[in-house]
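As structure tokens, the structure follows; a few thoughts come after it.
Atom set for the values below is all heavy atoms of this structure, side chains included, hydrogens, waters and symmetry mates excluded.
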Amino acid sequence: MKRKFIIVALTLACTLFSTNARAEVDPNFYIYLCFGQSNMEGQGTIEDCDLTPDARFQMMSTLDCGTRKQGEWYRAVPPLARCSTNLCPADYFGRTMVANLDEGKRVGVVMVAIGGVAIDLFDPDGWKANVAAMTETWQISAVNAYGGNPLGRLMECAKKAQQSGVIKGILLHQGETDAYNNTWLEKVKKVYQYMLSELNLKAEDVPLIAGEVGHADQKGRCASANNTIDRLPSVIPTAHVVSSAGCTLQSDNLHFDSQGYRKLGRRYAKEALGVLGIEADIDEDEVPQVDVNEPIDMTTRFTSLWNPAESMTTDNNGTIIFNAVQWGGLSCWLGDADWSPYEKIVFEFAEPTTMNTQILIMTATDKRIAGTAPAGANKIELNFANEDVTHVTQVALQAAAAGTLRISKIYLTRKSTAGISAPLHPTTNDPQTKEYSVSGVPITTPRYSGIIISNNRKILRK
């Protein structure tokens, strides 16, 4: 009798535990898996307007990246793949999704993508051979960042994501390398079916949404691959293809530019919303307004170390613990960023420094701009308002001696718009609509692009 009671008690306990575990899954948290190559990981410049997504749009980090930890959810501030990547289609996919879903719903993305890879990297049977054949050090480094097995890492994180929400779709952007024949179609089908099986999902509930590569109307170098990509629905009935027509490319005619990624991402979202039965009216070319009162948080973007003897970790509060050597550097690689709208960059320390520190800005013209702070500082800042920072390539924090720096926040502040206002009409005394550059110079060029001041507000114009 006693044994029977124990069995019943254990059964009841297991049932309660299982019920509680299921209760943690939020059915209103829609999760999308993202995979592919360089255009999925993102090659677009991250601009002001891209840095403040709705908090309902989240990303699970699929690796340790700066202050982000593998398997944890974060607000989806780009980059969404690795720390060295940039703006991608998933950025505006997620933003557009939450903008068209009820307020109680959230969207999360889980991404694994590596530039230049064939679909074989995600083949459950062929990925090892694909990795073994790689010769490019940057590509091997990216694979190693995902534990040497990108497919396995995606599935590992997807299973953890299922503990938080419901997987609603799989987004693919890949094909520049090998989408030129029927073999690619069959390989994509195999990968898709493997993912569904591994995650216990049904195709009718989890469509595959694939984007075209750079379009012929943009002189895309790989545009012929779209002839194959467009036939995915004939092989996978639950596949949808997103057109890249009109999505602008960078000068390499391969990667989309920031505007192109925004448009393509919104088209991914329109397709996913349609699957959910939602017909959305989406402005594909909208540029989000910039909140000029908010600083630009750069904390998560400082992830590179100049000296192999240095190390960087984070604590539970997100504080960066930088173990520095003399004149090494904790840096942020920007490529070619226009910082002319900004006034200064600030590093705030969780504890006063024990050595002199320096901020160093490098530009594409080999110019270096530096600012210093003495030991005992609670923060260091570098004002570059009067410097040419239109082509910033990299920014670093350096220490004058070996030691530990605890950094709580890194951010940019914008130039003040005080004193820049519209002139009065000579007869009515009403303000005239006039536009200025961030330095206060009236704009007379009809097709001027960049950050402008119009009616005392900053606007990003393409």
Side-chain angles (χ1 to χ4, degrees), residues 14 16-36 40-42 53-83 85 88 90-91 93-94 97-98 101 104-114 121-124 127 142-173 191-203 205-209 272 300 303 313-318:
C14 289
L16 289 173
F17 176 80
S18 176
T19 302
N20 289 337
R22 286 196 300 270
E24 294 175 2
V25 176
D26 182 359
N28 291 317
F29 188 19
Y30 295 174
I31 297 166
Y32 293 82
L33 308 183
C34 308
F35 74 108
M40 178 55 88
E41 70 181 10
D54 190 309
R56 292 188 295 135
F57 175 34
Q58 298 184 299
M59 58 85 71
M60 174 180 280
S61 187
T62 53
L63 38 67
D64 291 342
C65 172
T67 57
R68 293 172 176 171
K69 298 299 180 185
Q70 179 188 324
E72 300 298 323
W73 290 105
Y74 299 90
R75 185 175 179 180
V77 177
L80 303 184
R82 299 182 307 284
C83 283
T85 57
C88 71
D91 283 292
F93 163 78
M97 291 294 292
V98 295
L101 292 171
K105 291 182 169 62
R106 296 178 295 146
V107 170
V109 293
V110 183
M111 180 183 296
V112 170
I114 297 176
L121 181 66
F122 300 97
D123 185 324
W127 69 268
V143 168
N144 289 338
Y146 293 118
N149 180 3
L151 174 64
R153 179 61 59 84
L154 181 57
M155 292 298 94
E156 176 187 354
C157 290
K159 289 174 183 177
K160 185 166 185 182
Q162 286 180 305
Q163 298 172 17
S164 303
V166 181
I167 295 176
K168 289 286 188 177
I170 299 173
L171 311 187
L172 168 67
H173 199 284
V191 174
Y192 174 57
Q193 290 179 337
Y194 170 79
M195 290 182 176
L196 294 176
S197 174
E198 190 74 3
L199 300 171
N200 196 27
L201 301 171
K202 295 179 180 179
D205 299 327
V206 183
L208 176 71
I209 305 177
T300 60
T303 57
T313 58
T314 56
D315 64 17
N316 292 333
N317 296 319

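Counting heavy atoms from C-beta on, the side chains of Y194 and D123 never come closer than 4.5 Å. Annotation: side chain of Y192 is not in contact with side chain of L172 (no heavy-atom distance under 4.5 Å). Within the 4.5 Å cutoff, side-chain heavy atoms of F122 are placed close to those of V112.
Although no hydrogens or angles enter the test, the distance criterion places a donor-acceptor pair under 3.5 Å between the side chain of Q162 and the main chain of L199.
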Legend entry - Criterion side-chain contact (heavy atoms from CB on, under 4.5 Å) on K105 and M97, from CA distance to verdict: CA-CA 10 Å; K105 291 182 169 62; M97 291 294 292; over 6 Å; no
Inset, instruction - Quick one: do M111 and M40 satisfy side-chain contact (heavy atoms from CB on, under 4.5 Å)? Show the steps, please. - result: CA-CA 9 Å; M111 180 183 296; M40 178 55 88; 3.9 Å; yes
Legend entry - Test side-chain contact (heavy atoms from CB on, under 4.5 Å) applied to L101 and Y30, step by step: CA-CA 10 Å; L101 292 171; Y30 295 174; 4.0 Å; yes
Inset, instruction - Applying side-chain contact (heavy atoms from CB on, under 4.5 Å), run through V110 and W73 and close with a yes or a no. - result: CA-CA 9 Å; V110 183; W73 290 105; 4.0 Å; yes
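Within the model, atoms CD of E24 and CG of D26 stand 11.5 Å from one another, a figure rounded to the nearest 0.5 Å. For the atom pair OG of S164 and CD of Q58, the computed distance is 8.5 Å after rounding to the nearest 0.5 Å. Rounded to the nearest 0.5 angstrom, L80 CG and F57 CZ are separated by 5.5 Å. Note: M60 CE to Q70 CD = 9.5 Å, rounded to the nearest 0.5 Å. One finds the CE atom of M195 at 10.0 Å from the CD1 atom of I167 (value rounded to the nearest 0.5 Å). Rounding to the nearest 0.5 angstrom, the gap separating the OG1 atom in T85 from the CD1 atom in I114 is 11.0 Å.
Across V25 and Q163, no two heavy atoms sit closer than the pair CG2-O, 3.5 Å. Of all the heavy atoms in F93 and A272, the pair that sits closest is CE1-CB, 3.7 Å. When every heavy atom of P150 is checked against every heavy atom of V143, the shortest pair comes out as CD-CG1, 4.0 Å. When every heavy atom of L154 is checked against every heavy atom of C34, the shortest pair comes out as CD1-O, 4.3 Å. Between C157 and S61, the shortest heavy-atom contact is SG-O, 4.3 Å. Scanning both residues, W127 and P124, for their nearest heavy atoms gives CD1-O, 3.6 Å.
Among pairs with a residue in residues 59-72, those fulfilling salt bridge (charged side-chain N to carboxylate O under 4.0 Å, His left out) read E72-K160, at least two apart in sequence or across chains.
Evaluation of the side-chain hydrogen bond (donor to acceptor under 3.5 Å, both in side chains) rule for E41 yields Q43, R82 as partners, not counting sequence neighbours. A search for disulfide bond (SG atoms under 2.5 Å apart) contacts involving C83 returns C65, not counting sequence neighbours.
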